[in-house]
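Structure first, then comments.
Position 1 is the first residue of the sequence; numbering continues from there. These numbers come from the heavy atoms of this one structure, side chains and all, not from hydrogens, waters or symmetry mates. All of these numbers come straight from a predicted model, not from anything done at the bench.
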Amino acid sequence: VVTRPSEKEGQEDHGNVSDVHVLTMIKDRQLYDAAAWGKADKIREMLLHGHDVEWRDPNLRTALFAAAEYGQADALGALINQIEEENLPMLDGIDATDRHGWTPLMTAAAEGHLDIVKTLLEYEAELDNENGLDRTACFMACDNNHPLTCRFLLERKANLNQMDRGGLVPVMVAAHC
């Protein structure tokens with residue numbers, strides 16, 4: 001919500017964002033931060049009080065990304081459970097993408113958070129989504145030297161032959177680790 005030009009004569013409109021909008025942005029950022037810090041109880045409380053589960057940071061990452069990136073399994077579980085229990089709207093759901101086409105699954109795989117990868121797949125995250133460079137979660141795990149995560153994704157039938165824009169496949173990247 002942007003402040004509207006004043007209809008009263010003599011008042012200036014600077015085109016600033018309203019105070020209410022700024023406070024809402026700060027409030028919803030708190031959900032993202034709670035996910036990053038693994039504050040599952042706080043997440044449940046915040047969602048019950050109307051915090052926006054779809055809030056995105058400047059890179060278009062939601063609280064699901066924060067939990068995935070920092071390996072916060074309890075926070076991820078709280079987010080997913082609360083979303084399901086309260087039937088909260090999520091436009092992209094578990095496969096939300098950020099500015100670069102990454103999903104929470106790719107993020108968790110790149111960090112080697114196997115427990116997060118397992119949880120996301122349990123909730124039907126798409127195994128072979130591709131980011132802006134045509135790389136998958138399996139590619140991310142291989143590229144960042146996380147063999148256990150890579151092996152798990154392969155056991156789940158990740159596409160080992162998915163070629164990225166540079167002509168590489170996960171097995172080629174893994175061979176260089």
So do the side chains of Arg151 and Leu154 get within less than 4.5 Å of each other, counting heavy atoms only? no
Let's go through Leu64 and Leu76 carefully: what are the C-alpha distance in whole Å and the side-chain angles of both, what is the deciding distance for side-chain contact (heavy atoms from CB on, under 4.5 Å) to 0.1 Å, and is it a yes or a no? CA-CA 6 Å; Leu64 286 173; Leu76 181 71; 3.6 Å; yes
So, taking the atom named CG in Asp98 and the one named CG in Asn59, what distance separates them when rounded to the nearest 0.5 Å? 6.5 Å
Could you walk me through whether Ile116 and Glu69 pass side-chain contact (heavy atoms from CB on, under 4.5 Å), step by step? CA-CA 9 Å; Ile116 301 293; Glu69 181 174 0; over 6 Å; no
So, taking the atom named NE2 in His113 and the one named CG in Leu120, what distance separates them when rounded to the nearest 0.5 Å? 11.0 Å
Is Val53 reachable from Tyr123 through a run of hydrophobic residues whose side-chain heavy atoms are each under 4.5 Å from the next? yes
CE of Met106 to OG1 of Thr97, rounded to nearest 0.5 Å, is 8.5 Å
Work out which heavy atom in Asp95 is nearest to a heavy atom in Glu124; give both atom names and the distance. OD2-O, 4.1 Å
With side chains defined as the heavy atoms from C-beta onward, is the minimum distance between Trp37 and Gln72 less than 4.5 Å? no
Begin with the C-alpha distance, continue with both residues' side-chain angles, and end with the deciding distance and a verdict on salt bridge (charged side-chain N to carboxylate O under 4.0 Å, His left out) for Asp41 and Arg44. CA-CA 5 Å; Asp41 290 338; Arg44 283 187 277 277; 2.7 Å; yes
If I compare all heavy atoms of Leu105 with all of Ala137, which pair ends up nearest, and what's the gap? CG-CB, 3.8 Å
In this structure, would Leu60 and Phe65 fall into the same cluster of hydrophobic residues linked by side-chain contacts under 4.5 Å? no
Between the side chain of His51 and the main-chain N/O of Gln30, is any donor-acceptor distance below 3.5 Å? no
Hey, does Cys138 have a side-chain heavy atom less than 4.5 Å from the side chain of Cys150? yes
Reported CG-to-OG1 distance for the pair Leu79 and Thr62, which is rounded to 0.5 angstrom: 8.0 Å
Could you report the tightest heavy-atom contact between Arg156 and Leu127, atom names first, then the distance? O-CD2, 3.1 Å
Under a 3.5 Å distance rule, please check whether His49 uses its side chain to pair with a backbone N or O of Leu47 as donor and acceptor. no
Would you find more than 12 non-hydrogen atoms of other residues, nucleotides or ligands less than 6.0 Å from Glu122 atom CD? yes
Between His100 and Leu133, is any pair of side-chain heavy atoms under 4.5 Å apart? no
How about Arg135 and Asp164: do any of their side-chain heavy atoms sit closer than 4.5 Å? yes
Before you tell me yes or no, could you show the steps for Glu126 and Thr103 under side-chain contact (heavy atoms from CB on, under 4.5 Å), namely the whole-Å CA-CA distance, both residues' side-chain angles and the distance that decides it to 0.1 Å? CA-CA 9 Å; Glu126 180 60 41; Thr103 64; over 6 Å; no
Ile80-Leu31 co-clustered via ILVMFWY side chain contacts under 4.5 Å: yes
State the CD1-OG1 distance between Ile94 and Thr119, to the nearest 0.5 angstrom. 9.0 Å
So how far is it from Asp134 CG to Asn129 CG, rounded to the nearest 0.5 Å? 12.0 Å
Do the side-chain N and O atoms of Asp52 and Tyr32 include a donor-acceptor pair separated by under 3.5 angstrom? no
Nearest non-hydrogen partners of Ala68 and Pro104, listed with the distance: CB-O, 3.4 Å
Give a yes or no on whether the backbone of Gly77 and the side-chain of Asn81 come within a donor-acceptor separation of less than 3.5 Å. yes
Honestly curious: do Leu168 and Met163 fall in one hydrophobic cluster under the side-chain, below-4.5 Å linking rule? yes
Let me see the working for Trp102 and Met140 under side-chain contact (heavy atoms from CB on, under 4.5 Å), right down to the final yes or no. CA-CA 10 Å; Trp102 285 53; Met140 300 301 181; 3.4 Å; yes
Do Lys157 and Asp128 come within less than 4.5 Å of each other through their side chains, counting heavy atoms only? no
Considering non-hydrogen atoms only, spot the tightest contact between Leu153 and Ala141 and give its length. CD1-CB, 4.3 Å
Over 12 non-hydrogen atoms of neighbours within 6.0 angstrom of CZ in Phe152: yes
At their closest point, which heavy atom of Ala63 faces which heavy atom of Ala35, and how far apart are they? O-CB, 3.4 Å
